[in-house]
Participant: 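One structure follows; several queries about it will come next.
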Amino acid sequence: MPPEVEGTGAVDPFLPYLATIRSMVDLTPDVKLMGLELDDPAIRDSFDYRPGQFAFLSAFGVGEAPFGLTSVAQRREGLEFAVRRVGTVTSALQELEPGDKVGLRGPFGNHFPLEDYRGKNIIIIGGGIGMAPLRPVINTILDRRADYGDMLIINGARSPQDLAFAPEFDTWAQAPRTRLELTVDRGDEGWTGSVDLVPTVVGKLKPSSQNAVAITCGPPIMIRFTLAGLRELGFADHQIVTTLESKMKCGLGKCARCNVGDKYICQDGPVFSFEQISRFVEQF
Amino acid sequence: MSQFMSGEDLRSWLGNLAQERTLIAPIRSDGLVLFGAVSRAEEIALDYDNTLLSPKGHLFPATDTLFTIERREGGIELVPASVEGEAAIFGIRPCDALGLRVLDRPFLAEPADALYQQRRARTALIGLSCHKASPECFCTSLGTGPDDPSNVDILLTGAGEGYIVQAVTERGKALLATAPLVEAEVTPPPAPSPTPVPTEDIAEVARRAFDVPYWARLADRCIHCNLCAYVCPVCYCFDIRDHSYMGRMERMRTWESCQSPGFSRIAGGYEPRDTKGARLRQRFYHKLLYMPEQFGVIGCTGCGRCVTSCPVNIDIREVISEMQRLGASSAS
Amino acid sequence: MAIEYQPRIIGFLCSWCSYAGADMAGTARIAYPPNVRIIRVPCSGRVDPLFVVKCFQQGADGVLVAGCHPGDCHYVEGNYHTRRRFALLRPFLDFLGIERERFRVEWVSASEGRRFSQVVSSFTQELLSLGPREGPAER
Amino acid sequence: MEAIERIRDKARELLESQAVECVIGYERATDNVGARPLFAYEPGEVARFIFDQTCHHNLTRYLRDKKDRTVAVVAKPCDSRAINMLINEKQLERERVFIIGVVCPGMVEVGWSRPSQELQPLCRYCRQHTPVVYDFLAGEPPAEEPEPSPPYPDVAEMEGRSVAERRAFWSQHFERCIRCYACRQACPGCYCTECFVDRLDPLWVGIRIAPGENEMWNTIRAYHLAGRCIDCGSCQQVCPVNIPLMLLNRKLGKEVEELFDFQAGLDAETLPPLVTFKKEEKLEADL
């Protein structure tokens, strides 16, 4: 356990747990899947989290950055994070190898309220690295398939090789009452699938809004047009859920970096329905 | 009858205090008055309006090591920073004491910020009432006042040749146990009265004044330096990164300002607040609307530092008055 | 016994002339003091004054920038820029309290192994007589 | 006619004819003593313009915010040099800015609510009382520009001190820096899309707000203005902790003048010394 804060009985919330990298797998040219094991057995056993929650990973000597947990706690296969190379911390993390140490703080934030979605049809719409927080949603639903209605997964990326979770596509596509639609901005020689933007695919497939929830994550521009498309299909704002990205530094509601209106994305989010987001004074 | 201490006795008491704990007090150097650690009472400035920077930096330093990272035999050990010894801040003004009370809201909320919590617990506040109201002061519009004792352990108020001493808390009483106090019949000078600013219902007004062209016009003038946030006793945004030097690694946090251009830019380059107006509005809305909504306190104490130090005179008093006007007119 | 002071010199050497010159000194077995840590750069014009200030901030006792003689630049005019840039930086460093003797710009060609050795020797001697820089660079 | 009347008339005329989108000038600040920038978009706003010895801000700093608009700006002589510098560096199109030049009486030291008659030190060394470029001039130029001798007494004084004294002087000042970057933000010459101090990779200046990092910041920023600083003093004026930043800029200015016979912004055509060279010149490294 991290040491206690002297005289308070509390634990220093900035002090990360130490974790060891167990696996590093290339998902796309710029995304690696990092498998971690927490070093302290007691913390490892008690570390529980839900789809949509995130944690900070430290590359020691460089800094830390927030990442969505992309594994499913109940599967007990270790903690997984999809790390896309975008800055100094992510580059440093990608340089690491199995056996190396990282720091981990978390889990933070709220989660997708999957309990509330029992019996509903689920539409998952993810673009690029935005699939990372959606993957545990899909896998949790697949693990409890009978609890949920039909599932439509729309996954887009810039090119076929940027579809990060390709190794799992067969499992997803073959699951009962599950449909997987892939789309890319630019195809390549081997690509026979759809070449379209994600919002266009949503418009073509016209998923029904009846008894349905749409869960979406991706670049802001994709979200904006997807939202418009879903509204056109009759989805009410409370039926559309997303996870907001922001420049968080602490995850504790202290650094005020992720402040939007009276909300801190790190604590009140990152998962919000568009009904909640539309009540923000300032819209992201 | 009040407890009274002469100016000379105050210096000798402070001198003794500096021997037993870290004493932070106003010091004059190069024409500036800044809080700093003093070892001798003679270093302390007593005749100042207010310090250039607020004392928040002694509880929430501009640069703070959260922990050090040590590599040992292939493994990593994290050594948390520790806070040692007791401290006292002498000469804190009531506005700045209120500022610390406001900072408590985010920093002491669970899970508490460990370093801030320890420093706060170990730092006694010896307040000094204001002898005059500077033109930029508006503390009375924000729930405190020039002789408000409510957020300090001890409050001193200059009167005649010395100071009236109020022990406000138990800690204050303990600190004064060895002080050369006398009972005296002294009347404090009348408290100065700063010019009021219309802060009533400011949160309500703010909700209505959000989408007005005023913010873009105001931002024309703003040069987006971090000055207002750094001089503010309440602004608490920070940045965290690691610092490596000659093999030594530390996780550091430093002050940061919502006015700096990359403040909210996320990985991949998306900037949610991408206009100068949106950034400037964030500063005032965080203080006047979001903090009241979130914590029930206004994120401003009326110290006036941002007013005096803004290079282009973005004056929060004027902004508040404008918001009142704009919020009122868009309601009707 | 106190450890004898040995100045630390950072040497930015242009790849085409001065680095080759240093190499030449090595292959010709011309001795020079081991005080210089060499950083190979494509051209002396690549050396940003920021590199020099950073070296001093991180504790260097002296900084050497060496490149081709004017007129011989592999990139035709890189070293003309070097010359102007550092003609300004040197008095500026001095103004900041970093003695002008601690910073040198020298022209050393690929064939001047001996000259490279002389430059390093005389620079080291000069720094030895100046003594260590005051106080740690980082506080 | 008073200079201020001429500024107001010209501003009104430019706004009414829609020759410009806005006029950037000065108005009285809320302390009723100092000045602050005013962006007038409507003819009705021009009555708020003032011009006196408290109008120290270099308003050309705002021209980059209005890059794609046509604006008018009130420019003192030093500010007018910034316009030349920006045009020279392709940051500004001459056609997009209407320059209302003002003959400068020199600025006084102003603090918040503190009126003063004391001329700013920088203004005592000033060699241009008439703008070097303008479209319209408010005020009568002096018969001849004064030549203070020597032009860099402040720099010379510091040069006269020992290296150890200089080192102590600067570390004491840099120690106070809170890295608010107001100096950079106020400077017309600091317009990099990404400032070296904000770069994370490579990391030139560490996150610590500490003497070593502060020294890096302040000295490299000054060096980046070598041969470009137009001596307006904005950086020093806005510094909350009174770091004598202009002493750094003026040291470089003095060297540039002595070595290359150049002063930044006197015209828009001459290349600043660090982007050009003369093959035949002999500088220190050649001697």
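Computed from a predicted model, the values in this text were never measured in an experiment. Just so we're on the same page: letters track the sequence lines, and every chain starts at 1.
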Participant: Is a side-chain donor or acceptor of C:E112 paired with a backbone partner of C:S109 at a separation under 3.5 angstrom?
Facilitator: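 Judged by distance alone, yes, a pair lies under 3.5 Å.
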Participant: Please determine if C:E99 and C:R133 form a salt bridge, counting it only when a charged side-chain N lies under 4.0 Å from a carboxylate O.
Facilitator: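 Salt bridge flag = no for C:R133 with C:E99.
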Participant: Tell me, which pairs form a side-chain hydrogen bond (donor to acceptor under 3.5 Å, both in side chains) where one or both residues lie in residues 238-249 of chain D, sequence neighbours left out?
Facilitator: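 The answer is none; no pair qualifies.
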Participant: Measure D:T276 against the heavy atoms of chain C and call it side chain, backbone, both or neither at under 4.5 Å.
Facilitator: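 Both parts, backbone and side chain.
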Participant: Of the backbone (N, CA, C, O) and the side chain (C-beta and beyond), which part of C:L89 lies under 4.5 Å from a heavy atom of chain D, both, or neither?
Facilitator: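 Interface part for C:L89: both.
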Participant: Do the side-chain N and O atoms of D:E159 and D:Y152 include a donor-acceptor pair separated by under 3.5 angstrom?
Facilitator: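 No, because no side-chain N or O of D:E159 sits under 3.5 Å from a partner of the opposite role on D:Y152.
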Participant: Taking atom CZ of C:R114 as the centre, report whether more than 12 heavy atoms of other residues, nucleotides or ligands fall under 6.0 Å from it.
Facilitator: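 Count not over threshold, so no.
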Participant: Are D:Q128 and D:K76 linked by a side-chain donor-acceptor pair shorter than 3.5 Å?
Facilitator: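 Distance-only check fails for D:Q128 and D:K76.
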Participant: Taking non-hydrogen atoms and a cut-off under 4.5 angstrom, which of residues 33-51 of chain C neighbour chain D?
Facilitator: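 So the qualifying residues are C:P49, C:L50, C:F51.
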Participant: Would you say the side chains of D:T270 and D:D267 form a donor-acceptor pair under 3.5 Å?
Facilitator: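 Indeed, the side chains of D:T270 and D:D267 share at least one donor-acceptor pair under 3.5 Å.
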Participant: Tell me which of these, D:R161, D:H224, D:E165, D:K278, has more heavy-atom pairs under 4.5 Å with chain C than the rest.
Facilitator: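 The candidate making the most pairs under 4.5 Å is D:K278.
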Participant: Go through the atoms of C:R90 and report whether side chain, backbone, both or neither lie under 4.5 Å from a heavy atom of chain D.
Facilitator: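 For C:R90, the side chain is the part near chain D, not the backbone.
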Participant: Using residues 186-204 of chain D as the side-chain source, report each donor-acceptor pair under 3.5 Å to any protein atom, sequence neighbours left out, with the distance given to one decimal.
Facilitator:
unit_1: D:Y191; atom_1: OH; unit_2: D:E89; atom_2: OE1; d: 2.5
unit_1: D:D198; atom_1: OD2; unit_2: D:R184; atom_2: NH1; d: 3.1
unit_1: D:R199; atom_1: NH2; unit_2: D:D201; atom_2: O; d: 3.0

Participant: Answer yes if the side chains of C:R84 and C:H81 hold a donor-acceptor pair under 3.5 Å, and no otherwise.
Facilitator: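 Judged by distance alone, the side chains do not pair up.
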Participant: Carefully, step by step, assess C:L127 and C:E101 under the rule side-chain contact (heavy atoms from CB on, under 4.5 Å).
Facilitator: CA-CA 8 Å; C:L127 292 172; C:E101 294 82 2; 5.8 Å; no
Participant: Tell me, for D:V275 versus chain C, whether the close heavy atoms (under 4.5 Å) come from the side chain, the backbone, both or neither.
Facilitator: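 Only the backbone of D:V275 comes within 4.5 Å of chain C.
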Participant: Test ring-ring contact (aromatic ring centres under 6.0 Å, His included) on C:F103 and C:F56 and set out the steps.
Facilitator: CA-CA 10 Å; C:F103 176 60; C:F56 284 120; 7.0 Å; no
Participant: Name, in order of residue number, those residues of residues 10-20 of chain C that have a heavy atom at a distance of less than 4.5 Å from a heavy atom in chain D; otherwise write 'none'.
Facilitator: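 Checking residues 10-20 of chain C against chain D gives no residue, so none.
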Participant: Using non-hydrogen atoms only, which part of D:A164 is less than 4.5 Å away from chain C: side chain, backbone, both, or neither?
Facilitator: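 Both backbone and side chain.
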Participant: Checking D:L259 against chain C: side chain, backbone, both or neither under 4.5 Å from a heavy atom?
Facilitator: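 The side chain, not the backbone.
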Participant: Checking heavy atoms, do the side chain of D:F169, its backbone, both or neither come under 4.5 Å from chain C?
Facilitator: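 Interface part for D:F169: neither.
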Participant: Do C:F116 and C:Y32 make the cut of ring centroids closer than 6.0 angstrom?
Facilitator: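 Ring centroids of C:F116 and C:Y32 are less than 6.0 Å from each other.
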Participant: Less than 4.5 Å to any heavy atom of chain C: does that hold for the side chain of D:I220, its backbone, both, or neither?
Facilitator: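 Side chain only.
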Participant: Between the side chains of D:E257 and D:R127, is the shortest nitrogen-to-carboxylate-oxygen separation below 4.0 Å, so that they form an ion pair?
Facilitator: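 Yes, D:R127 and D:E257 are salt-bridged.
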Participant: Determine whether the aromatic ring centres of D:W217 and D:Y181 lie less than 6.0 Å apart.
Facilitator: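 Centroid distance D:W217-D:Y181: below 6.0 Å, so yes.
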